[in-house]
Amino acid sequence: MIKKLDRYLLRHFFSSLIVVLFSFGSTFVVINAIEELRDFIDHEVPIAQILEYYFYFSGWIVKSFLPMFILLAGLFSISILARRNEILAMKASGRSLYRIALPLLVVVAILAAGHFYYNEYIFPPWNKKRLEIKNFSIEQKSRTSFTNIDNIFRQIKPGYFYTLQSFNVDRREGIDLKIYLKENNRLKQITTAAQLNYHDYHWLATDGVTRTFDSTVNTTYTEFDSLIIEDIEEVPEDFKKKMGKPEDMGIEELKAYISLMKRTGGPYHREKIDLQLKYAYPMASFIVVLICIPLASNPRRGGIAVSIATGAIISLLYFVLFRI
């Protein structure tokens with residue numbers, strides 16, 4: 001049952017959190033707007049699109065900095081109560097610091113869970129729209145740079161891989177296909193084709209040759225006009241260049257990407273670490289509150305100014321160490 005004292009503490013905390021969110025969020029938006037101002041003017045970006053971009057940009061701010069905002073809000077709210085001797089009065093009435101902190105810890109735990117859900121299921125589609133506006137409207141990049149991919153290498157299984165000189169995701173076609181099959185460290189078969197198309201959920205190679213080598217010098221040479229390649233499991237969208245960083249993907253999308261890289265022999269260790277960070281980062285909100293409560297509950301000289309400085313130092317050290 002929520003008591004009047006708990007509601008009082010939470011009201012102070014949420015008031016501080018709203019102030020911190022608005023003040024720091026506005027600062028980030030203004031700094032970013034100054035950086036992007038030249039592109040806004042040069043490329044004549046409409047005001048409506050700029051406002052839409054900063055709507056999604058604000059979502060990125062919440063995703064990236066919520067633990068820091070919660071730390072500062074906790075330091076603000078508790079240090080103000082401590083300076084007014086209200087924390088001392090609560091202790092004098094028989095409540096321990098653990099009991100005083102309980103409503104904050106419960107609420108921050110809920111916020112951490114909500115932060116995880118937001119990061120993985122709400123933010124990724126918003127962030128894709130933000131990146132589309134940034135890349136194609138603000139910076140005027142060509143969409144073909146993301147859909148026309150060169151020098152593709154994929155492994156089907158160990159000793160069995162293929163290459164493409166280039167692939168167009170929109171047209172679902174590639175050129176200069178080469179499929180290599182090795183056995184006992186020897187090349188057993190190579191298939192080359194001028195073109196590769198994705199049609200009716202199948203890959204179709206056209207105008208090609210298959211060469212098969214035995215253990216001697218004999219070679220089997222077979223030409224074909226068209227050949228269905230059953231062993232390639234990728235779909236055209238798997239070749240599309242990703243916008244943004246792995247940490248901006250949703251958790252299911254990142255898992256699928258890691259699975260694809262494992263199966264095809266691509267690098268995935270950095271992405272595997274990013275996957276673990278997705279679970280760890282929202283918990284930072286809870287951890288920083290555990291740090292800030294004992295610091296802010298003892299009134300010191302300087303009051304709120306000291307709390308801000310302490311929060312800034314703790315935030316910097318914690319998140320630098322977190323990234324390392």
What heavy-atom pair brings [X] and [Y] nearest, and what distance separates the two atoms?
{"X": "V289", "Y": "L105", "answer": "CG1-CD2, 3.8 Å"}
{"X": "A193", "Y": "F224", "answer": "CB-CZ, 4.3 Å"}
{"X": "P67", "Y": "V288", "answer": "O-CG2, 3.6 Å"}
{"X": "H115", "Y": "L66", "answer": "CG-CD2, 3.6 Å"}

Report whether F286 and L102 are members of the same hydrophobic cluster (ILVMFWY, side-chain heavy atoms less than 4.5 Å apart, transitive linking).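 No, because F286 and L102 fall into different hydrophobic clusters, even though each may have its own neighbours under 4.5 Å.
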
So if you build clusters from Ile, Leu, Val, Met, Phe, Trp, Tyr with side-chain heavy-atom gaps below 4.5 Å, do F167 and I175 land together?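 No, it is not one cluster - the side chains of F167 and I175 are not joined through contacts under 4.5 Å.
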
Set of residues satisfying side chain to side chain contact (heavy atoms under 4.5 Å, CB included) with respect to I133, sequence neighbours excluded: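 Only Q49, E52, Y53, Y56, S137, I138 meet the side chain to side chain contact (heavy atoms under 4.5 Å, CB included) criterion with I133.
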
Qualifying residues under side chain to side chain contact (heavy atoms under 4.5 Å, CB included), relative to L51, sequence neighbours excluded: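 For L51 the side chain to side chain contact (heavy atoms under 4.5 Å, CB included) partners, ignoring immediate neighbours, are I47.
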
Polar contact flag, side-chain donor to acceptor under 3.5 angstrom, [X]-[Y]:
{"X": "Y180", "Y": "Q189", "answer": "no"}
{"X": "Y257", "Y": "D238", "answer": "no"}
{"X": "S226", "Y": "T206", "answer": "no"}

Flag side-chain contact, heavy atom, 4.5 Å: [X] against [Y]:
{"X": "F57", "Y": "K134", "value": "no"}
{"X": "Y54", "Y": "N32", "value": "yes"}
{"X": "I179", "Y": "I229", "value": "yes"}
{"X": "V108", "Y": "I70", "value": "yes"}
{"X": "Y162", "Y": "L177", "value": "yes"}
{"X": "I251", "Y": "Y121", "value": "yes"}
{"X": "I293", "Y": "L97", "value": "yes"}
{"X": "I149", "Y": "N168", "value": "no"}

Ring center gap for Y8 and H12 short of 6.0 angstrom: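 So the answer is yes for these two rings.
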
Taking only residues two or more places apart in sequence, or in another chain, which ones meet F213 in a ring pair (Phe, Tyr, Trp, His ring centres under 6.0 Å)?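 Scan of F213 (ring pair (Phe, Tyr, Trp, His ring centres under 6.0 Å), adjacent residues dropped) gives none.
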
Sequence neighbours excluded, which residues qualify as ring pair (Phe, Tyr, Trp, His ring centres under 6.0 Å) partners of F153?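 If we apply the ring pair (Phe, Tyr, Trp, His ring centres under 6.0 Å) test to F153, skipping adjacent residues, the hits are F161.
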
Looking at [atom1] of [X] and [atom2] of [Y], how far apart are the two atoms once the value is rounded to the nearest 0.5 Å?
{"X": "I100", "Y": "I78", "atom1": "CD1", "atom2": "CD1", "answer": "9.5 Å"}
{"X": "S259", "Y": "K255", "atom1": "OG", "atom2": "NZ", "answer": "11.0 Å"}
{"X": "L131", "Y": "K141", "atom1": "CG", "atom2": "NZ", "answer": "9.5 Å"}
{"X": "L164", "Y": "Q195", "atom1": "CG", "atom2": "CD", "answer": "10.5 Å"}
{"X": "C292", "Y": "L75", "atom1": "SG", "atom2": "CG", "answer": "4.5 Å"}

Looking at [X] and [Y], does any basic side-chain N land under 4.0 Å from a carboxylate oxygen?
{"X": "D274", "Y": "K272", "result": "no"}
{"X": "K128", "Y": "E253", "result": "yes"}
{"X": "K91", "Y": "E86", "result": "no"}
{"X": "D6", "Y": "R99", "result": "yes"}

Tell me if a side-chain donor or acceptor on Y281 pairs with a main-chain N or O of S64 at a distance below 3.5 Å.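 The answer is yes, because a donor-acceptor pair under 3.5 Å joins these two groups.
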
For S93 and M90, indicate whether the former's side chain and the latter's backbone hold a donor-acceptor pair under 3.5 Å.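 Confirmed, S93 side chain pairs with M90 backbone.
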
Counting only heavy atoms from other residues, nucleotides and ligands, does the tally under 6.0 Å from CG of N184 exceed 12?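 No, because the 6.0 Å sphere around CG of N184 holds 12 heavy atoms or fewer from other groups.
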
Enclosure of D225 CG (heavy-atom neighbours >12, cutoff 6.0 Å):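 Check fails, neighbour count at 12 or below.
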
With sequence neighbours excluded, tell me which residues meet side chain to side chain donor-acceptor pair (under 3.5 Å) with R211.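 By the side chain to side chain donor-acceptor pair (under 3.5 Å) rule, R211 matches no residue at all.
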
Could you tell me which residues satisfy side chain to side chain donor-acceptor pair (under 3.5 Å) with K278, sequence neighbours excluded, listed by chain and number?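 Here the qualifying residues are E120.
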
How are the rings of Y118 and F123 set relative to one another: parallel (under 30°), tilted (30 to 60°) or perpendicular (over 60°)?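 Y118 vs F123 ring planes: tilted.
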
Among W126, F65, F28, the one residue meeting ring-ring contact (aromatic ring centres under 6.0 Å, His included) with W60: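 The single option meeting the ring-ring contact (aromatic ring centres under 6.0 Å, His included) with W60 is F65.
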
